[in-house]
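Below is one structure; the comments refer to it alone.
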Amino acid sequence: MLSMPSTEPCFALVDCNNFYVSCERLFRPDLWRRPVVVLSNNDGCVIARSNEVKALGVPMGAPYHEVAALLRRHNAEVFSSNFPLYADLSARIMSVLEGFTPHLEIYSIDEAFLDWSGLPQNKARLGVHLKQTLWRWVGLPVSVGIGPTKTLAKVANEWAKKISPEGVVDLMNPRCQKEVLLQMPVGGVWGIGRRLAAKLSQIGIKTAWDLRCADSGLLQSRYSIVVTQTALELQGKSCLQVETVVPPRKEIRCSRSFRPKLTELSQLHSALSEFCCRAAEKLRQQRSLAHVVTVFLRSDAFDPKKPCYQPVLAAALRTPSQDSRWILKCAGELLEKMYRPGYRYQQCGILLGGLVSEAEGNAQLALFNEEISQKYAGASLMEIMDRVNRRFPNGLFLGASVDYRRYRYRPQQLSPAFTTRWNELPVVKA
DNA sequence: TCTGGGGTCCTAGGACCC
DNA sequence: TCTGGGGTCCTAGGACCC
């Protein structure tokens with residue numbers, strides 16, 4: 001008798017282990033068993049830790065200066081973040097994953113969902129094969145979680161990282177699900193953060209299994225639709241699909257913390273110029289125009305003598321734009337309005353909102369005939385800037401950014417761009 | 001002295017309109 | 001003197017994710 005192909009939903013979640021750390025180790029095999037951390041911008045916080053560092057009790061997001069001595073004592077290797085390297089290795093991972101499913105959702109730089117519904121193979125064995133392939137072809141370790149819903153695949157992945165020696169856990173079987181959910185705190189479930197976990201705990205929901213068994217009506221009335229849906233997903237009822245099409249961003253943001261902190265309006269303006277350029281570049285990349293420009297500032301939040309000043313101000317552009325100069329003009333005016341002397345400013349940023357596609361935006365623009373010629377002159381200039389910068393990163397920028405580029409903090413422990421710059425390719429000695 | 005950056009979604013409440 | 005009700009849109013704030 002022919003067996004019908006199973007149409008039972010099945011999802012795999014592939015997650016790179018300690019991704020940034022693994023990327024740094026890839027070209028430094030001497031670091032494989034040593035403690036390694038990667039720092040945030042400005043070398044401020046720990047944003048990735050090797051297992052050895054986790055074992056030392058260094059938490060995610062720890063200020064570096066608080067753990068620097070401990071790390072030194074244990075001979076840890078410390079890296080500034082090298083995003084071009086991580087992005088390139090991520091793209092290699094994703095392109096390998098495409099060979100393992102017709103439906104791939106790139107969920108983040110180091111995570112992807114694969115739709116394995118209806119696949120005839122043994123899923124756990126396929127997971128092991130996938131893991132081995134990535135190790136051979138890219139050289140990065142991953143964990144694989146498999147389940148009948150995305151949430152259960154996430155649970156399986158967590159479990160794979162914790163207990164599975166081969167890094168693959170299959171939770172398609174309800175009996176296995178119960179065993180794992182009973183041992184998992186509710187805060188470990190995807191979508192249940194610290195605050196919700198505390199609230200759920202008050203009504204006796206402490207484990208993932210408790211949430212799975214909770215009454216839907218109660219969850220819906222006390223919390224949100226999201227919590228209710230999470231509980232259903234834990235029951236094996238699939239509510240979330242693999243999203244293969246990347247929708248355009250609804251807002252685009254660029255902000256940085258300053259080290260040292262800034263006091264002068266001119267310094268902030270120069271930084272803002274850089275942020276506007278970066279944000280507008282992202283805007284043009286996704287072929288959108290922005291209607292609304294928002295600027296935010298934050299003074300030193302850790303200053304015990306002065307309350308934190310953190311103004312936010314927004315303005316609408318007369319016509320939607322993707323021109324760095326128009327956006328900066330608007331943002332600069334907002335900055336002038338909100339700037340107060342006497343503060344040490346720790347952070348500044350820009351947020352572009354009210355995004356519309358180029359097609360929509362240009363249709364609206366047609367109503368303002370007098371601005372069209374100016375707009376198209378700007379478009380070709382921006383296009384040239386983008387083309388030059390793709391070939392020669394940071395080659396062209398607004399004059400207003402010069403000052404910021406001089407005083408901004410330089411990362412102290414940056415690894416080479418091994419895979420994206422010819423002159424920084426690793427050298428192999430024969 | 002030193003404390004990241006960039007997103008999404010949901011809900012409640014107010015404004016406004018008919 | 002008596003002064004409705006429902007729909008929609010927007011915004012702020014809260015929560016989550018990596």
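By convention in this document, chain letters (A, B, ...) are assigned in the order of the sequence lines, proteins followed by strands, and residues within each chain are numbered from 1.
- For A:Gln347, taking side-chain heavy atoms from C-beta onward, the closest of the listed nucleotides B:dT3, B:dG7, B:dG5 is B:dG5.
- Between A:Lys282 and B:dG5 there is no side-chain polar atom (N or O) within less than 4.0 angstrom of OP1 or OP2.
- When heavy atoms are screened at a 4.0 angstrom cut-off, A:Gln346 is found touching the sugar-phosphate backbone but no base atom.
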**Prompt:** Is there a side chain to side chain contact (heavy atoms under 4.5 Å, CB included) between A:Val155 and A:Glu158 once you walk through the steps?
**Reply:** CA-CA 5 Å; A:Val155 167; A:Glu158 289 282 305; 5.7 Å; no
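- You'll find that the side chain of A:Ile225 is closest to B:dT11, out of C:dC16, B:dT11, C:dC18.
- Look at CZ on A:Arg259: it is 8 Å from P on B:dC2, rounded to the nearest Å.
- At least one side-chain nitrogen or oxygen of A:Lys154 sits closer than 4.0 Å to the OP1 or OP2 atom of C:dC18.
- Of the candidate nucleotides B:dT11, B:dG7, B:dC9, B:dG7 has the atom lying nearest to any side-chain atom of A:Ile252.
- Across all strands shown, B:dC18 pairs with C:dG5; the Watson-Crick or G-U wobble distances both stay below 3.5 Å.
- Picking from B:dC10, B:dG4, C:dC17 the nucleotide with the shortest atom distance to the side chain of A:Ser40 gives B:dG4.
- At a threshold of 4.0 angstrom between heavy atoms, the contacts of A:Leu39 with the nucleic acid are absent.
- Distance from the side chain of A:Glu111 is smallest for C:dC18 among the nucleotides B:dT8, B:dT3, C:dC18.
- OP1 or OP2 of B:dC2 sits under 4.0 Å from a side-chain N or O of A:Lys261.
- Taking side-chain N and O atoms only, A:Ser255 has a distance below 4.0 Å to OP1 or OP2 of B:dG6.
- Counting any heavy atom pair closer than 4.0 Å across all strands shown, A:Arg298 reaches no nucleic acid atom.
- When each of B:dT3, C:dC18, B:dG6 is scored by its nearest atom to the side-chain atoms of A:Cys45, the top-ranked nucleotide is B:dT3.
- For A:Gln220, taking side-chain heavy atoms from C-beta onward, the closest of the listed nucleotides B:dT11, B:dG6, C:dC16 is B:dT11.
- Within 4.0 Å of A:Ile109, counting heavy atoms only, lies no atom of the nucleic acid at all.
- Among the heavy atoms of the strands lying under 4.0 Å from A:Tyr107 are primed sugar atoms or P, OP1, OP2 only; no base atom is included.
- For A:Arg253 and B:dG5, the CZ to P distance is 11 Å, given to the nearest whole Å.
- Here the CH2 atom belonging to A:Trp326 is positioned 8.5 Å from the CG atom belonging to A:Leu317, to the nearest 0.5 angstrom.
- To the nearest 0.5 Å, the span separating CH2 on A:Trp32 from OG on A:Ser22 amounts to 5.0 Å.
- Which of C:dC16, B:dG5, B:dC9 sits closest to the side chain of A:Arg195 comes down to C:dC16.
- Looking at heavy-atom distances under 4.0 Å, A:Val189 makes contact with sugar-phosphate atoms alone, never a base.
- There is no side-chain donor-acceptor pair under 3.5 Å between A:Thr101 and A:Asp115.
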**Prompt:** So A:Glu52 and A:Arg25, salt bridge (Lys or Arg N to Asp or Glu O under 4.0 Å) or not? Walk me through it.
**Reply:** CA-CA 13 Å; A:Glu52 298 77 9; A:Arg25 279 173 164 168; 3.0 Å; yes
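- Summarising the geometry, the separation between CD on A:Glu251 and C1' on C:dA12 is reported as 13 Å, rounded to the nearest angstrom.
- Mapping A:Asp300 and A:Pro248 onto DNA chain B by nearest heavy atom places A:Asp300 closer to the 5' end of the strand.
- When each of B:dT3, C:dC18, B:dC10 is scored by its nearest atom to the side-chain atoms of A:Ser224, the top-ranked nucleotide is B:dC10.
- Comparing the C1' positions of C:dG4 and B:dC16 gives a spacing of 15 Å, expressed to the nearest Å.
- Between A:Met94 and A:Ser90, the closest side-chain pair of non-hydrogen atoms falls below 4.5 Å.
- Ring to ring, A:Tyr409 and A:Phe258 are not that close: their centroids are 6.0 angstrom or more apart.
- Which of B:dC2, B:dG4, B:dG6 sits closest to the side chain of A:His65 comes down to B:dC2.
- Within the nucleic acid shown, A:Asn42 has no heavy atom closer than 4.0 Å to any nucleic acid atom.
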